[in-house]
Peer 1: 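Below: one structure in structure tokens.
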Amino acid sequence: MSLSEQIENPFLPEPARIVRQYDLIKDHRFFQIRFIDMNRAMSFDYVPGQFAMLSIPGVGEAPFSISSTPSRPGILEMGIRRTGNLTRALFKKKDNDIVYLRGPYGNGFKIEPMVERDIIIVAGGLGVIPLRSILYFVLDNRDQFDELYFLYGARNPNEFLFKNEFFQIKAREDIDCLYSVDKDTTGDWTENTGVVTSLFQKLPKIDPQTTTAVVCGPPIMYKFVIKELLKLKIPKNMIQMTLERRMKCGVGKCGHCALDHIYTCIDGPIFTYWDTLHFRELI
Amino acid sequence: MPEYKPRVGIYGFTGCAGDQLLIIHTEDRLLDFFNAVEMRSFVMASSNPLETEIDIAFVEGSISTEEERQHIKEIRDRAGVLVAIGNCAVSGGPQAMFAKDGSFARRLKQVYGDIKFITNPVEGAPLDEVVSVDYYLPGCPISQSQAMALIARLIHGADPEEFPHPVCHECKLNENLCLLLDQKFCLGPLTLGGCHSACPNNGLPCVGCWGPNPDGNFEEQLGLLESFGIPHEDIIRRVRNFGGYKILAHIEKLSGKR
Amino acid sequence: MAKRDTIEIKPLARVEGNGGIRVEIEDNRIINVEVQILEGPRLFETLVIGKTPEEILSLVPRICAICNLSHKYASLRGLEKALDVRIPEVTDLYRHLMHHGEIIESHSLHLYMLALPDFFGYTNAVEMAVDYGEIVTKALQMKALGNKIMRAIGGRMIHGENPVLGGFGKLPDRECLLSIQTEAKDGLAFALETIEILADLEIPDHMERDTQFLCCKPPHNEYGYYGDVLITSDGKEHPAEDYQSVIEERVVSHSFAKRSSYGGRPFTVGALARVNLLGERLKGEARKAYDGLIHDRWLRNPLYNNFAQAIEQVYSLEGVIETIDRLTTLKEPETAEPNRESGVGTGAVEAPRGTLIHHYMIENGRAVAADYVTPTAMFLDDVEEFIRESGERLISTKTTVDLELQFEMIARAYDPCISCSAHLVTVEYK
Amino acid sequence: MRILKMKPDFLKEFLMGLEGFGALYGPKRQSGILKYAPIESYDELVLDGENTLLPLKRLFHPMRFDMFRFDSRGFEADYSIFEKRVIIGVHPCEIHGILKLDEVFLVHPPDPYYAGLRKNSAIIGFSCLPAENALCRSTGTDIVAEGFDLFFVDLTDFYLVWVGSSFGYDMILEKEDFFDENVTHEDIQIYIEWREKRNRMFKKSFNFRDMPDIIELSYKSEIWDYFGKKCLSCGQCTMVCPTCNCYNVTDVLDLATETSGRRERMWDSCMFADYSLVAGGHNFRHARADRLKLWYTHKLKAFAHKYGSPACVGCGRCVETCPVDINVLTVSEALTSCEVPEE
Ligand SMILES: Cc1cc2nc3c(=O)[nH]c(=O)nc-3n(C[C@H](O)[C@H](O)[C@H](O)COP(=O)(O)OP(=O)(O)OC[C@H]3O[C@@H](n4cnc5c(N)ncnc54)[C@H](O)[C@@H]3O)c2cc1C
Ligand code: SF4
Ligand code: SF4
Ligand code: SF4
């Protein structure tokens with residue numbers, strides 16, 4: 001049709017294949033997905049902290065953080081919790097099944113303020129999924145950053161995501177991993193027990209002037225973690241956090257993620273603590 | 001391997017059969033529907049029902065006799081998914097407008113005298129008073145587009161999407177002038193949408209046949225209608241006409257306030 | 001056949017609502033026939049007490065979806081009489097159009113989807129479509145036309161709120177009327193074809209017996225679906241408001257529908273009653289169809305109800321065409337207002353399956369009493385009688401036909417509407 | 001910009017002659033309600049100050065349409081809503097409204113549906129005299145300098161015709177002899193008088209300029225709770241506002257196969273409870289007061305950060321529409337005076 005020839009359609013989902021999937025914990029599954037079009041797969045360029053819109057035709061579309069790192073291109077990884085219509089349908093997919101993706105969207109973490117500085121990554125529960133991307137990104141470009149602290153807390157050992165991976169990293173020299181569970185329900189937990197903030201006591205002396213913090217977790221966790229970070233005197237604009245809102249388009253058109261004058265999908269989902277003080281509805 | 005077709009049953013309890021009829025009324029899509037599923041039981045449209053295990057049961061009507069109570073339990077036992085279709089199944093229907101006010105026995109006697117029936121009549125109640133319900137398709141009768149969208153999702157293994165908005169949403173999309181501005185009685189804001197604002201499209205007030213909108217601001221709307229000179233009791237009576245069991249909680253809140 | 005046997009047909013398929021047939025046989029004699037209406041009671045007449053006419057008009061179509069507009073129309077006639085609302089003739093024309101729509105929809109549904117599969121030996125119309133695709137497709141179009149008319153004037157396909165006391169919320173525009181008219185002209189050809197298909201059908205005679213008929217008598221010596229007088233096959237005429245002395249109601253334990261008789265004997269209402277009593281008033285193609293099909297077995301055999309419906313389908317299509325011709329030359333009517341707040345009124349119309357009566361007593365704008373008599377409640381006794389007759393005949397002649405199917409066919413021929421009938425009936429005059 | 005003169009006698013022929021440029025649309029009364037709809041004859045056009053019930057956005061951001069068809073091969077965009085159109089009789093505030101929506105829908109990446117409808121539509125603006133609830137003088141949107149192809153100012157004895165685009169100029173060329181290039185001093189005088197007369201006709205106004213700060217300061221004001229208690233959450237305000245752009249997206253499967261269907265887009269509203277609901281059932285704006293606050297922040301403050309001025313274009317539709325009198329007038333008044341309105 002002549003009226004519509006050659007239109008770029010940012011809403012057009014592109015086919016991608018589920019390459020591999022396995023359960024992380026109950027109702028949480030890890031997916032490796034690759035665009036069918038190899039060129040697209042290799043050229044899909046993103047920043048840690050960005051997300052993609054995943055579609056299952058007939059069910060709908062929803063945003064999911066990209067959990068892999070752009071330093072390992074080709075395959076996108078996502079960690080997904082089964083909560084509703086779309087995610088239920090996704091969990092029924094088998095390896096090699098087709099889903100549809102578009103993106104990447106969002107601002108992603110600001111890497112610049114981390115370069116040649118110390119980094120504290122604080123994750124609570126599911127929040128570790130987007131942070132895994134920045135974690136590997138830093139590890140893959142290790143020489144560009146100074147000290148790296150990774151604090152991760154889950155409710156109990158059975159809800160601790162990426163257990164194998166994260167315990168392997170723990171063995172590395174160039175990262176300080178501090179893990180915790182609120183409660184040890186299994187009896188064989190070897191790490192710290194207590195809420196994630198209790199890990200702060202185990203941190204060595206931090207120089208707030210050269211440190212950037214990155215946080216993600218459930219809304220309630222932010223309050224307490226930020227308090228700890230402020231205690232360490234980390235500047236408010238050096239605390240990056242990722243937030244969640246309802247989203248239907250991912251590109252600032254549908255309005256659902258709007259608050260004040262910002263759209264979480266394009267101006268976020270990464271905000272600094274300073275931003276959240278400005279936009280009172282952010283957390 | 002032949003394609004697996006979901007086994008479907010469509011059942012009618014006490015009501016006007018409008019929701020089943022509406023499915024029959026889909027004319028062009030009715031054949032698609034029959035082809036996409038293995039229709040095990042649809043007594044209103046077909047003989048020789050096969051009452052075995054089914055994947056999806058669509059159930060219309062309220063539960064109004066002892067026999068119906070047993071029958072719906074029996075359907076629940078062999079149905080993977082049970083969908084309440086239509087106001088009677090969802091809320092109890094008009095026959096439940098006096099729900100729980102204790103007048104049923106008197107009214108039954110008024111109509112039938114002292115006769116004993118082969119099955120004991122009970123006051124019309126929504127399905128979820130007797131069994132668990134997986135999905136609801138409200139409306140009196142249900143809307144064809146909502147019904148077909150829900151059916152298409154269920155038979156193809158996807159979860160249906162709700163439409164949790166008031167009638168006013170579609171009413172504005174249909175470019176109607178709001179009746180409340182003319183101080184006319186309209187239940188649009190208190191009523192779940194999905195009807196394509198059928199009544200306001202004709203300049204007539206929403207009578208509430210989709211049942212209550214859970215987000216409805218009952219208190220303010222009541223005050224507004226009262227300010228038009230409509231008596232409190234009239235308004236309460238009218239929201240109950242189609243509100244059945246689902247309106248009771250709202251009414252209770254209101255009367256608690258007064 | 002065992003010495004003592006019971007035939008249970010439950011549920012009764014391809015009828016609207018939840019019902020069954022129970023036939024008890026002993027020593028090759030039928031000792032009991034029950035058409036069971038097991039759909040729960042809704043006590044509609046108690047639901048409208050204390051309500052405004054507006055609310056009543058919105059509630060009563062919910063008695064039954066198939067005849068929803070007949071209920072609306074009967075209610076309008078009753079309420080408008082009670083409150084002395086004098087509607088202009090155009091308003092009545094629109095209502096007739098709406099009523100034709102319901103008849104076309106209901107008759108085509110019954111005739112093609114519910115009854116014909118029996119004659120052609122299928123369990124439903126979708127199966128029948130495999131061999132008779134064209135008939136089913138055209139039948140669906142016919143039904144769609146009925147629905148379109150109901151939607152255009154009723155406001156939606158089922159339970160439209162558009163017809164209100166004294167008038168309508170909104171009337172269809174000229175374009176819509178003309179498109180209905182065009183479709184009706186196309187439909188007429190198929191309706192006439194149907195008459196020919198039926199003319200070739202063999203109708204079993206094992207249930208034949210004499211019965212009585214009742215219907216509304218339309219004014220102006222025309223055929224039609226409304227009237228303030230009830231006529232009966234004994235030649236008598238009764239004012240509609242005397243319906244209680246004409247139609248004798250009683251309650252039975254196997255049915256939430258009340259039972260009726262006339263002069264102590266069962267009677268038939270519906271298309272067959274109308275065509276038998278009023279057929280001579282038909283004109284045009286409908287008259288030709290009538291003349292071609294009618295014979296004296298129609299008075300004794302309920303299966304001819306299907307034929308009568310086919311004739312009425314032709315009549316209504318012609319009625320649609322003619323009514324729209326008139327409407328397009330007339331101005332849209334104003335809504336008429338009530339002249340009083342209290343009064344008593346009886347509205348009688350012919351629903352697709354027979355005479356329907358709504359009776360109201362209104363005081364200060366609120367109903368204090370209401371009474372509804374529905375067609376299915378009227379003819380259930382008759383159905384039982386025909387089943388008994390058929391059963392006795394078939395058993396005594398030891399034919400090997402499928403008894404159940406024969407019984408079902410009889411019941412289905414009446415096109416029973418179970419929701420309608422499972423109501424309540426008492427008038428409480430204070 | 002080129003400005004021409006035209007005699008009123010030519011109007012009908014000129015407008016109806018534009019059919020070659022696209023299907024004609026304009027404000028037209030249907031069942032008593034003024035709507036933007038296809039125009040078949042000149043007499044249907046309503047060219048006075050009255051607002052249409054729904055704003056011009058409905059022609060660019062349709063209430064409900066299919067974005068995609070999908071089947072086992074994937075998604076295919078559905079652009080069947082595109083049509084060449086000439087929209088006649090658009091008021092200044094409506095043009096401003098569209099310019100605001102442009103900021104949302106045309107910024108990178110542009111929404112192809114909106115962009116396509118926009119590209120294929122010519123806008124012929126018409127001056128109007130303020131209606132009862134017009135607030136456009138307060139919002140500075142009573143005149144318009146861009147966003148139209150032609151703009152007609154009705155000065156009774158003649159029209160001044162602003163030519164806003166080369167497409168507009170092409171339309172003029174169709175009937176060149178209807179137009180007069182010679183705008184005299186006297187004409188200018190008439191125009192100025194008309195402006196002054198028009199300015200005096202506004203009956204209502206509000207403190208639009210100070211609202212951004214006042215809103216910021218009133219974040220915790222109990223005034224929001226007062227309005228929150230009243231609001232019916234009917235969503236009408238958002239539907240009728242020319243600058244509300246929210247929508248929802250839903251997939252609708254076909255009955256016949258499990259792989260095919262369509263992806264539908266439909267107007268949504270931040271007044272509805274599920275608008276900010278996220279997985280897990282957490283709702284960022286469960287309270288009605290919070291929903292209202294978001295809306296008024298958007299209308300009267302937030303947009304300014306990004307685009308220089310807040311989103312309200314002063315059409316007055318919220319004043320006409322809200323059944324419980326929540327609108328830019330009552331809200332700004334309450335916030336400014338720190339008092340809840342009297343009943
Ligand atoms: C930037 C961003 C990144 C994200 N990253 C991830 C990620 O990496 N991993 C991940 O798992 N998730 C992530 N999410 C969340 C994810 O988008 C949601 O889980 C997803 O949208 C759920 O879709 P669904 O269709 O399965 O659930 P939906 O069907 O939309 O429902 C989700 C839940 O919402 C609630 N709900 C829905 N409707 C109602 C109602 N009417 N009343 C009450 N409650 C209701 C229910 O609790 C339901 O379980 C992210 C979200 C954002 C914005
Ligand atoms: S007319 Fe009724 S349904 Fe329509 S907007 Fe007004 S209140 Fe809502
Ligand atoms: S502010 Fe008014 S128009 Fe908007 S949702 Fe609330 S009641 Fe409806
Ligand atoms: S806020 Fe009100 S006056 Fe302003 S543009 Fe929207 S509807 Fe018009």
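On a predicted model such as this, the values are computed, not experimentally measured, just so you know. Within every chain, numbering begins at 1; the chains are lettered A, B, ... in the order of the sequence lines, protein sequences first and strands thereafter.
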Peer 1: Do Asp254(D) side-chain atoms and Ala256(D) backbone N/O form a donor-acceptor pair below 3.5 Å?
Peer 2: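 Checking the backbone N and O of Ala256(D) against the side chain of Asp254(D), no donor-acceptor pair under 3.5 Å is found.
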Peer 1: For the side chain of Arg40(A) and the backbone of Glu14(A), is there at least one donor-acceptor N/O pair under 3.5 Å apart?
Peer 2: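 No, the answer is negative, given that no donor and acceptor are paired below the 3.5 Å cut-off.
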Peer 1: Please state whether the side chain, the backbone, both or neither of Tyr113(D) comes within less than 4.5 Å of a heavy atom of chain A.
Peer 2: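 For Tyr113(D), the side chain is the part near chain A, not the backbone.
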Peer 1: Select one option (side chain, backbone, both, neither) describing which atoms of Phe68(D) are under 4.5 Å from chain A's heavy atoms.
Peer 2: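 Contact with chain A involves the side chain of Phe68(D) alone.
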Peer 1: Pick one of side chain, backbone, both or neither for Asp268(D), based on which atoms fall under 4.5 Å of a heavy atom in chain A.
Peer 2: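 For Asp268(D), the side chain is the part near chain A, not the backbone.
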Peer 1: Checking Phe167(D) now: which residues fulfil ring pair (Phe, Tyr, Trp, His ring centres under 6.0 Å) with it, not counting sequence neighbours?
Peer 2: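 In terms of ring pair (Phe, Tyr, Trp, His ring centres under 6.0 Å), with neighbours along the sequence ignored, Phe167(D) is linked to Phe21(D).
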Peer 1: Relative to chain D, which segment of Pro15(A) carries a heavy atom at a distance below 4.5 Å: side chain, backbone, both, or neither?
Peer 2: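 No part of it gets close to chain D.
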Peer 1: Name the region of Arg265(D), side chain, backbone, both or neither, that has any atom closer than 4.5 Å to a heavy atom of chain A.
Peer 2: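 Looking at Arg265(D), just its side chain touches chain A.
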Peer 1: Tell me whether Asn156(A) contacts the main-chain N or O of Lys183(A) through its side chain, where contact means a donor paired with an acceptor under 3.5 Å.
Peer 2: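 Side chain of Asn156(A) to backbone of Lys183(A): no pair is present.
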Peer 1: For residues Asp149(D) and Ser165(D), is any side-chain donor paired with an opposing acceptor at under 3.5 Å?
Peer 2: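 Yes, because at least one side-chain N or O of Asp149(D) sits under 3.5 Å from a partner of the opposite role on Ser165(D).
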Peer 1: Does the plane of the ring in Phe44(A) sit parallel, tilted or perpendicular to the ring in Tyr46(A)? Use 30° and 60° as the thresholds.
Peer 2: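 Tilted, since the angle between the ring planes falls between 30° and 60°.
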Peer 1: What part of Ile56(A) lies closer than 4.5 angstrom to a heavy atom of chain D: side chain, backbone, both or neither?
Peer 2: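 Just the backbone, heavy atoms under 4.5 Å.
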Peer 1: Out of Gly58(A), Ser55(A), Pro10(A), which one racks up the most heavy-atom pairs below 4.5 Å with chain D?
Peer 2: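 Looking at each of Gly58(A), Ser55(A), Pro10(A) in turn, Gly58(A) comes out on top.
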Peer 1: Please determine, among Asp111(D), Thr259(D), Thr250(D), the option with the most heavy-atom pairs under 4.5 Å with chain A.
Peer 2: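 Greatest number of close heavy-atom pairs with chain A: Asp111(D).
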Peer 1: Which region of Phe11(A), side chain (C-beta onward) or backbone (N, CA, C, O), has a non-hydrogen atom less than 4.5 Å from a non-hydrogen atom of chain D, or is it both or neither?
Peer 2: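 Contact with chain D is through both the backbone and side chain of Phe11(A).
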Peer 1: Excluding sequence neighbours, so at least two apart, what forms ring pair (Phe, Tyr, Trp, His ring centres under 6.0 Å) with Phe109(A)?
Peer 2: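 Not a single residue meets the ring pair (Phe, Tyr, Trp, His ring centres under 6.0 Å) criterion with Phe109(A).
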Peer 1: Does Ile75(A) offer a backbone N or O that forms a donor-acceptor pair with the side chain of Gln32(A) under 3.5 Å?
Peer 2: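 Pair absent, no side-chain N/O of Gln32(A) close to backbone of Ile75(A).
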Peer 1: Can you tell which part of Ser72(D) gets under 4.5 Å to a heavy atom of chain A, answering side chain, backbone, both or neither?
Peer 2: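 Only the backbone of Ser72(D) comes within 4.5 Å of chain A.
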Peer 1: Which bit of Phe75(D) is near chain A, if near means a heavy-atom gap under 4.5 Å: side chain, backbone, both or neither?
Peer 2: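 Both the backbone and the side chain of Phe75(D) come within 4.5 Å of chain A.
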